[in-house]
Amino acid sequence: MNPIKPEDAFKNIISHSKEYGFIFQSSEIYDGLSAVYDYGQLGAELKKNIREYWWQAMVQMHNNIVGIDAAIFMHPTTWKASGHVDAFNDPLIDNKDSKKRYRADVLIEEHIGKLEDKIEKEVEKAAKRFENFDANLFRSTNQRVLDYQKKIDEIEARFKNALNANNLEEVKQIILDLEIVCPISGSRNWTDVRQFNLMFSTSMGSVSEDSNTIYLRPETAQGIFVNYLNVQKTGRMKIPFGIAQTGKAFRNEIVARQFIFRMREFEQMEMQFFVKPGTEMEWYAYWKNTRLNWHLSLGLGAEKYRYHDHAKLAHYANAACDIEHRFPFGFKELEGIHSRTDFDLKQHETFSGKKLQYFDPELNQSYVPYVVETSVGLDRLFLAILSSALKEEALEGGDTRSVLSLPPALAPYKAAIFPLVKKDGLPELAESIYTSLKFDFNVAIDEKDTVGKRYRRQDAIGTPYCITVDHQSLEDKTVTVRHRDTMQQERIAINALSDFLQQRVHLKSLLKTL
RNA sequence: GCGGAAGUAGCUCAAUUGGUAGAGCUCCAGCCUUCCAAGCUGGAGGUUGCGGGUUCGAGACCCGUCUUCCGCUCCA
């Protein structure tokens, strides 16, 4: 048998996701919407269980961490303070020959810079020629300098107007008119200028005016920062403490691909941990370790994880690393752990004019706390779990089965109940077992097709246990329980089923391993 | 965004130089059946991604467009 190529394995995951109702492309009947996906009936369950495990591990297991649920809409100034407005609002242009991308404004400014250099050279030359040289007088009278300066002023004015009017065609025309060439290819074969603002915007209120523009949050973190003092005071939190949150965030990615790995609408699960300045590196190390252990607890295999320490740090961080997971397409970021210093809170202090300080009773002084962030992509985690769990297993006799070895606590259905045959009162007994279990567990019932087929169907969606009612069940009130991964069966009393499942499929079974 | 590949039933795929869109699995209704997808009968499911064009005739050829995967690029 040929080994499955990674590319095929990934395609297999995508088609499995669709075939069994985990993930569908958004608006599929309209040809889909690029890089947007919907979770189907089983995907929604799995995703919910993953989120719940994260939440309990964070909030329920730590008495100094609480959870919030901030709105997606935030005051527009939030994104000025966070740096998102300025940093991600650039007009970009590509050179078709070198395939390099440039910021259009930088290209134009560099061109202006060259003109300014020429002026300086004129000034230098003149300074050598004349004694008692008056540079200012020269600048204001020399014709060549005046011509250059006039050109600069014209370009700047034109560029400013184009940007203010958001006229990207004009920006491109400026580049063409100035005969700016790509430094690498030397060609003037440019694409159109495009504005890549990674934030989605919409307008609040019925009248759309500039002042009403608000953004869909590009990260959930800011909802925690702006609330940190509310939570600290009303929750009587003492540093160190954490605020956790799960929720949607939106980024208008230039290139969004690889199934649900990079989507335009995605869900983050993050926790901001507020600490005393100077202690942040200890907590950074603590969370780095704690979070990896959480991932390892899922049992997907330690070899699937590694740290990637950032050599180049973002402006707000003094330490950062990713926990990477080996996806079918290689090791990629799953979770980020960042020591964000007091950058965010300081920025919000500046922009809001409000003090965001914490009074430390031990030190008897106030300070802006430092922040250590853990931020995991729920959709990425979903993909990591799904792709690691899905196996094509060769069985004796040349048969294969498709089995989704999900951690039982995360599986959409905890158990499926089958009457062995559809007669002799077996369906009725199966129904009564289903009814008694459904209050505590998400369970399925299926009487269609041979029992072998039903086992395989449940294997493919990751149901850890199949409970089969047979003729013996009618006599001694026992059933067989078949294990998904081993395909082994054991006989259990019907009234012991609830305890059996409780011990194996409850989130507690995972939480206890942390 | 650039380059490459692809899109036919829920899934995996056929369809000869352009000549009536098919199969297997799945699904549905039954029959049979005492534990690992394989028996029997019947049935449903398609404007071949979408829109144009060439042609007597297009799933196939041409143009555009959407979507997906791969490489490059980007990624606070």
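The sequence lines fix the lettering, A, B, ..., with proteins before strands; numbering per chain opens at 1.
- Across all strands shown, B/rC36 forms no Watson-Crick or G-U wobble pair with both key distances under 3.5 Å.
- Residue A/Glu392 contributes atom CD, which lies 16 Å from atom P of B/rC11 at whole-angstrom precision.
- The salt bridge (charged side-chain N to carboxylate O under 4.0 Å, His left out) contacts involving residues 329-348 of chain A comprise A/Glu219-A/Arg340, A/Arg291-A/Glu335, A/Arg340-A/Asp344, A/Arg340-A/Glu373, A/Asp342-A/Lys346, where partners must be two or more places apart or lie in separate chains.
- The side chain of A/Ser34 places an N or O atom within less than 4.0 Å of a non-bridging phosphate oxygen (OP1 or OP2) of B/rU68.
- Residue pairs meeting the salt bridge (charged side-chain N to carboxylate O under 4.0 Å, His left out) criterion with at least one partner in residues 417-429 of chain A, sequence neighbours excluded, do not occur; the list is empty.
- A salt bridge is absent between A/Arg251 and A/Glu265; no separation between the charged side-chain nitrogens and carboxylate oxygens falls under 4.0 Å.
- Contacts of A/Tyr37 with the nucleic acid, taken as non-hydrogen atoms under 4.0 Å apart, involve only primed sugar atoms and P, OP1 or OP2.
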Quiz item: Does the pair A/Asp459 and A/Arg482 meet the rule for a salt bridge (charged side-chain N to carboxylate O under 4.0 Å, His left out), with working shown?
Solution: CA-CA 11 Å; A/Asp459 288 342; A/Arg482 181 259 196 189; 2.6 Å; yes

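- The stretch residues 221-229 of chain A has no heavy atom under 4.0 angstrom from RNA chain B at all.
- For B/rC75, its base sits under 3.5 Å from the side chain of A/Arg262 at one donor and acceptor pair at least.
- Closest to the A/Arg251 side chain, of the nucleotides B/rA37, B/rC11, B/rA76, is B/rA76.
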Quiz prompt | Protein-to-nucleotide contact annotation, 5' to 3' order, nucleotides 24-33 of chain B [B base; S sugar-phosphate only; - none; under 4.0 Å, heavy atom] | solution = --SSS----S

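- The nucleotide whose nearest atom lies closest to any side-chain atom of A/Ser15 is, among B/rC70, B/rU12, B/rC35, B/rU12.
- With a cut-off of 3.5 Å on both Watson-Crick or G-U wobble distances, the partner of B/rU65 is given as B/rG49.
- Ion pairing between A/Arg457 and A/Asp449 holds under the 4.0 Å rule for side-chain N and carboxylate O.
- Remark: B/rA58 base-pairs with no nucleotide; criterion is Watson-Crick or G-U wobble with both hydrogen-bond distances under 3.5 Å.
- Pair assignment for B/rC27: B/rG43, on the basis of Watson-Crick or G-U wobble contacts that are both within less than 3.5 Å.
- Across residues 481-491 of chain A, A/Arg482, A/Met487, A/Gln489 each have a non-hydrogen atom less than 4.0 Å from an atom of RNA chain B (numbered order).
- Among the nucleotides B/rC35, B/rU68, B/rA37, the one closest to the side chain of A/Asp470 is B/rC35.
- For A/Thr463, the side-chain hydrogen bond (donor to acceptor under 3.5 Å, both in side chains) test picks out A/Gln458, with sequence neighbours left out.
- Each of A/Gln258 and A/Lys18 was matched to the nucleotide of RNA chain B holding its nearest heavy atom; the match closer to the 5' end belongs to A/Lys18.
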